[in-house]
Amino acid sequence: MKKILMIGTGGTIASIPSEDGFVPGLDAKTMAKMVPGLNELADIECLELMDLDSSNIGPQHWQSMAKAIADNYAKYDGFVVTHGTDTMAYTAAALSSMLHNCQKPIVITGAQLTMGEQGTDAKRNIYFSFQTAVSDVKGVCLAFGDRIIHGLMAKKMCTENFNGFWSINYEPLAIVKDGKLVWNGTIAGGYGDGEFYACTELETKVAVVKITPGLPSDVLDYYIEKGYKGIILEGYGAGGVPNADINWLPALEKVLKAGIRVICCTQCLYDGVHLDRYPIGILANRLGAESAGELTVEAALCKLMVELKK
């Protein structure tokens, strides 16, 4: 059997009742024992890295996860990371951007219900995560409900539905059908043909700014004053910025001249950014704003954090 390292980080999947609601309380070793048939899939070892509600997970925790995987990369055939759902898409994108030339499966999973609740999805998600971890997948992916998703393409869409994560602008790597994984592809986040390595340095002074009707462009002054290095600008439709009564172009030029990289994303889920179609995008691009293409906001943010430290 393949040797898989299960890394626990907390989240709903590991939670138990408390006076203040559900809080993380189960370690990875305990969870592995609660999943029927799991020990028949792989030789499992466990590492408890942290015990957090994922709303409290940030860049420093991504660094710890990336380092733990890098330190153990040669020892195992694959990895399963259990995680809370709230920031799991960010973590999947971060690890996809931080871990390079992955030839092994790195599978992130969580649950909408705790391990102990009736009808929980936790055991099923862990089981199919291990099926993914012993497969031929290369790189970082997210396993949840009936989908195995490329690590850069995942987005949380539902707070309760068991298929709470969707694959955006990219076909799922696999779907669960009749209790089995049916594969569409096996190349996930961070895959490459060179020697495996981890980029564990992140630029944390990167922000997401969502443009809304009537929002004045001087909000960008804050990020210049605070020394930010990157901005993900979440615009409308095909991307770009308003340029009429409220004109964002002068503020955008000011930001870019201050040495801050600007990546244009879209508030739409599908079809990505196209800065070559309308003046709002063409003029922003001429000033130096960059397109996120089909990346989600989560992926664009994490990718930029890594790029700014290269």
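Along the sequence shown, residues are numbered consecutively beginning with 1. Keep in mind that the numbers below use all heavy atoms, side chains included, and drop hydrogens, waters and symmetry copies.
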Undergrad: How many angstroms lie between atom NZ of Lys29 and atom CD of Glu48, to the nearest 0.5 angstrom?
TA: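 It is 11.5 Å, given to the nearest 0.5 Å.
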Undergrad: Work out which heavy atom in Ile148 is nearest to a heavy atom in Cys141; give both atom names and the distance.
TA: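 The answer is CG2-SG, 3.9 Å.
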Undergrad: Tell me, please, which residues at least two apart from Glu290 pass salt bridge (charged side-chain N to carboxylate O under 4.0 Å, His left out).
TA: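 For Glu290, the residues satisfying salt bridge (charged side-chain N to carboxylate O under 4.0 Å, His left out) (neighbours in sequence not counted) are Arg261.
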Undergrad: Which atom pair, heavy atoms only, marks the closest approach of Gly10 to Pro24?
TA: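 So the two residues come closest at CA-CB, 4.0 Å.
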Undergrad: If the condition is ring-ring contact (aromatic ring centres under 6.0 Å, His included), which residues does Phe165 pass it with, not counting sequence neighbours?
TA: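 By the ring-ring contact (aromatic ring centres under 6.0 Å, His included) rule, Phe165 matches Phe144.
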Undergrad: For the atom pair CG (Asp27) and CE (Met6), what is the distance rounded to the nearest 0.5 Å?
TA: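 Here the rounded value is 9.0 Å.
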Undergrad: Work out which heavy atom in Tyr197 is nearest to a heavy atom in Cys199; give both atom names and the distance.
TA: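 Heavy atoms only, the tightest pair is CE1-SG, 3.7 Å.
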Undergrad: Would Leu252 end up clustered with Ile280 when hydrophobic side chains under 4.5 Å apart are linked, directly or stepwise?
TA: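 Leu252 and Ile280: separate clusters.
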Undergrad: Can you pull the salt bridge (Lys or Arg N to Asp or Glu O under 4.0 Å) pairs that have at least one residue in residues 126-136, sequence neighbours excluded?
TA: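 Salt bridge (Lys or Arg N to Asp or Glu O under 4.0 Å) check on residues 126-136 returns no pairs.
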Undergrad: At their closest point, which heavy atom of Ser291 faces which heavy atom of Ile263, and how far apart are they?
TA: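 Ser291 and Ile263 have their closest heavy atoms at C-CG2, 4.2 Å.
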Undergrad: Kindly indicate whether the side chain of Arg277, heavy atoms from C-beta on, has any atom under 4.5 Å from the side chain of Ile282.
TA: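 Arg277 does not reach Ile282 side chain to side chain.
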Undergrad: Would Ile149 end up clustered with Ile168 when hydrophobic side chains under 4.5 Å apart are linked, directly or stepwise?
TA: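 In one cluster: no.
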Undergrad: Side chains of Thr296 and Lys155: donor-acceptor distance under 3.5 Å anywhere?
TA: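 No donor-acceptor contact under 3.5 Å links the two side chains.
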Undergrad: Quick one: pull up CE in Met153 and CG in Leu173 and give me the separation to the nearest 0.5 Å.
TA: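 It is 9.5 Å, given to the nearest 0.5 Å.
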Undergrad: When rounded to the nearest 0.5 angstrom, what distance separates CD1 in Ile260 from CD1 in Ile231?
TA: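 Separation between the atoms: 5.0 Å.
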Undergrad: So Leu99 and Ile106, do their side chains get closer than 4.5 Å, heavy atoms only?
TA: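 Ile106 reaches Leu99 side chain to side chain.
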Undergrad: Please check if the number of heavy atoms outside Asp271 that lie under 6.0 Å from its CG is greater than 12.
TA: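 No.
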Undergrad: List, one per line, each side-chain donor-acceptor pair under 3.5 Å for residues 116-135, sequence neighbours excluded.
TA:
from	atom 1	to	atom 2	distance (Å)
Glu117	OE1	Thr114	N	2.8
Glu117	OE1	Thr114	OG1	3.2
Thr120	OG1	Leu113	O	3.2
Thr120	OG1	Thr114	O	2.7
Thr120	OG1	Ala122	N	3.0
Asp121	OD1	Gln112	N	3.2
Asp121	OD1	Leu113	N	3.1
Asp121	OD2	Gln112	N	2.9
Arg124	NH1	Gly145	O	3.1
Arg124	NH1	Asp146	OD1	3.2
Arg124	NH2	Asp146	OD1	2.8
Asn125	OD1	Gly145	N	3.1
Asn125	ND2	Gly110	O	2.9
Ser129	OG	Thr109	OG1	3.3
Ser129	OG	Asn125	O	2.7
Thr132	OG1	Phe128	O	2.8
Ser135	OG	Thr132	O	2.5
Ser135	OG	Val137	N	3.2

Undergrad: Kindly list each side-chain donor-acceptor pair under 3.5 angstrom involving residues 201-230, sequence neighbours excluded, with atom names and distances?
TA:
from	atom 1	to	atom 2	distance (Å)
Glu203	OE2	Lys205	N	3.0
Lys205	NZ	Lys226	O	2.3
Asp221	OD1	Lys254	NZ	3.3

Undergrad: Between Lys104 and Asp77, is there a side-chain N and carboxylate O pair less than 4.0 Å apart?
TA: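 Salt bridge flag = no for Asp77 with Lys104.
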Undergrad: Does anything in residues 164-174 pair up under side chain to side chain donor-acceptor pair (under 3.5 Å), and if so which pairs, sequence neighbours excluded?
TA: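 Qualifying pairs, neighbours excluded: none.
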Undergrad: Could you see if Leu308 belongs to whatever hydrophobic cluster contains Met98? Use Ile, Leu, Val, Met, Phe, Trp, Tyr and a side-chain cutoff under 4.5 Å.
TA: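 Shared cluster, yes.
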Undergrad: Partners of Lys138 by salt bridge (charged side-chain N to carboxylate O under 4.0 Å, His left out), sequence neighbours excluded?
TA: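 With sequence neighbours excluded, Lys138 shows a salt bridge (charged side-chain N to carboxylate O under 4.0 Å, His left out) to no residue whatsoever.
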Undergrad: Let me check something: do Met34 and Ile4 share a hydrophobic cluster, defined by ILVMFWY side-chain heavy atoms less than 4.5 Å apart, either directly or through other members?
TA: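 They do share one cluster, since a chain of ILVMFWY contacts under 4.5 Å joins Met34 to Ile4.
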Undergrad: Over all heavy atoms of both residues, which pair between Thr9 and His83 is shortest? Give the atoms and the distance, please.
TA: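 It is OG1-CA, 3.4 Å.
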Undergrad: Okay, side chain of Asn243, backbone of Asn247: is any donor-acceptor separation there less than 3.5 Å?
TA: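 Judged by distance alone, no pair lies under 3.5 Å.
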Undergrad: Any sub-3.5 Å donor-acceptor pair from His150's side-chain atoms to Leu152's backbone N or O?
TA: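 Present.
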Undergrad: Looking only at side chains, do Asp193 and Tyr191 share a donor and an acceptor under 3.5 Å apart?
TA: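 There is such a pair between these side chains.
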Undergrad: Spell out, as yes or no, whether a donor-acceptor pair under 3.5 Å connects the side chain of Thr266 to the backbone of Gly237.
TA: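 Here the side-chain-to-backbone pair exists.
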Undergrad: Could you please spell out the steps behind the side chain to side chain donor-acceptor pair (under 3.5 Å) verdict for Ser55 and Asp86?
TA: CA-CA 6 Å; Ser55 293; Asp86 286 349; 2.9 Å; yes
Undergrad: Backbone N or O of Tyr90 within a donor-acceptor pair of the Thr87 side chain at under 3.5 Å?
TA: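 No, the answer is negative, given that no donor and acceptor are paired below the 3.5 Å cut-off.
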Undergrad: Apply salt bridge (charged side-chain N to carboxylate O under 4.0 Å, His left out) to Lys180 and list each qualifying residue two or more places apart in sequence or on a separate chain.
TA: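 Once residues adjacent in sequence are excluded, Lys180 has no partner under the salt bridge (charged side-chain N to carboxylate O under 4.0 Å, His left out) criterion.
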Undergrad: Is the backbone N or O of Ala93 less than 3.5 Å from a side-chain atom of Glu298, with the two atoms forming a donor-acceptor pair by type?
TA: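 Pair absent, no side-chain N/O of Glu298 close to backbone of Ala93.
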Undergrad: Could you walk me through whether Leu47 and Leu5 satisfy the side chain to side chain contact (heavy atoms under 4.5 Å, CB included) test, starting with their C-alpha distance in whole Å, then the side-chain angles of each, then the deciding distance to 0.1 Å, before giving a yes or no?
TA: CA-CA 7 Å; Leu47 171 64; Leu5 181 63; 4.1 Å; yes
Undergrad: Please report the shortest heavy-atom distance between Ile7 and Phe79, naming the atom on each side.
TA: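 Closest approach of Ile7 to Phe79: CD1-CD2, 4.4 Å.
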Undergrad: Do the side chains of Val241 and Leu249 get nearer than 4.5 Å, heavy atoms only?
TA: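 Counting from C-beta outward, Leu249 and Val241 do come under 4.5 Å.
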Undergrad: Give, for atom OG of Ser97 and atom CD of Glu307, the distance between the pair rounded to the nearest 0.5 Å.
TA: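 With rounding to 0.5 Å, OG (Ser97) is 7.5 Å from CD (Glu307).
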Undergrad: Supply the atom-to-atom distance Leu283 CG to Leu287 CG, rounded to the nearest 0.5 angstrom.
TA: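 It comes to 7.0 Å.
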Undergrad: What I'd like to find out is whether the side chain of Leu275 reaches to under 4.5 Å of the side chain of Cys264, using heavy atoms alone.
TA: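 SC-SC contact between Leu275 and Cys264 confirmed.
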Undergrad: Could you list the residues that satisfy ring-ring contact (aromatic ring centres under 6.0 Å, His included) with Phe196, not counting sequence neighbours?
TA: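 Residues passing ring-ring contact (aromatic ring centres under 6.0 Å, His included) with Phe196: Tyr73.
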Undergrad: For the hydrophobic clusters of this structure (ILVMFWY residues joined by side-chain heavy atoms under 4.5 Å, transitively), does one cluster hold both Val297 and Met305?
TA: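 Yes, because Val297 and Met305 connect within a single hydrophobic cluster, where side-chain heavy atoms sit under 4.5 Å apart.
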Undergrad: Could you work out, with ring-ring contact (aromatic ring centres under 6.0 Å, His included) as the rule, every residue matching Tyr236, not counting sequence neighbours?
TA: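 So Tyr236 forms no ring-ring contact (aromatic ring centres under 6.0 Å, His included) with any residue.
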Undergrad: Could you work out, with salt bridge (charged side-chain N to carboxylate O under 4.0 Å, His left out) as the rule, every residue matching Asp43, not counting sequence neighbours?
TA: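 Counting only residues at least two positions away or on another chain, Asp43 forms no salt bridge (charged side-chain N to carboxylate O under 4.0 Å, His left out).
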Undergrad: For residues 57-72, please give each side-chain donor-acceptor pair under 3.5 Å, one per line with the distance, not counting sequence neighbours.
TA:
from	atom 1	to	atom 2	distance (Å)
His61	ND1	Gly58	N	2.9
Trp62	NE1	Thr91	OG1	3.0
Gln63	NE2	Thr200	O	2.9
Ser64	OG	Gln60	O	3.3
Lys67	NZ	Asp71	OD2	2.9
Asn72	ND2	Ala68	O	2.8

Undergrad: Would you confirm whether Thr30, through its side chain, and Leu26, through its main-chain N or O, come within 3.5 Å as a donor-acceptor pair?
TA: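 No, the answer is negative, given that no donor and acceptor are paired below the 3.5 Å cut-off.
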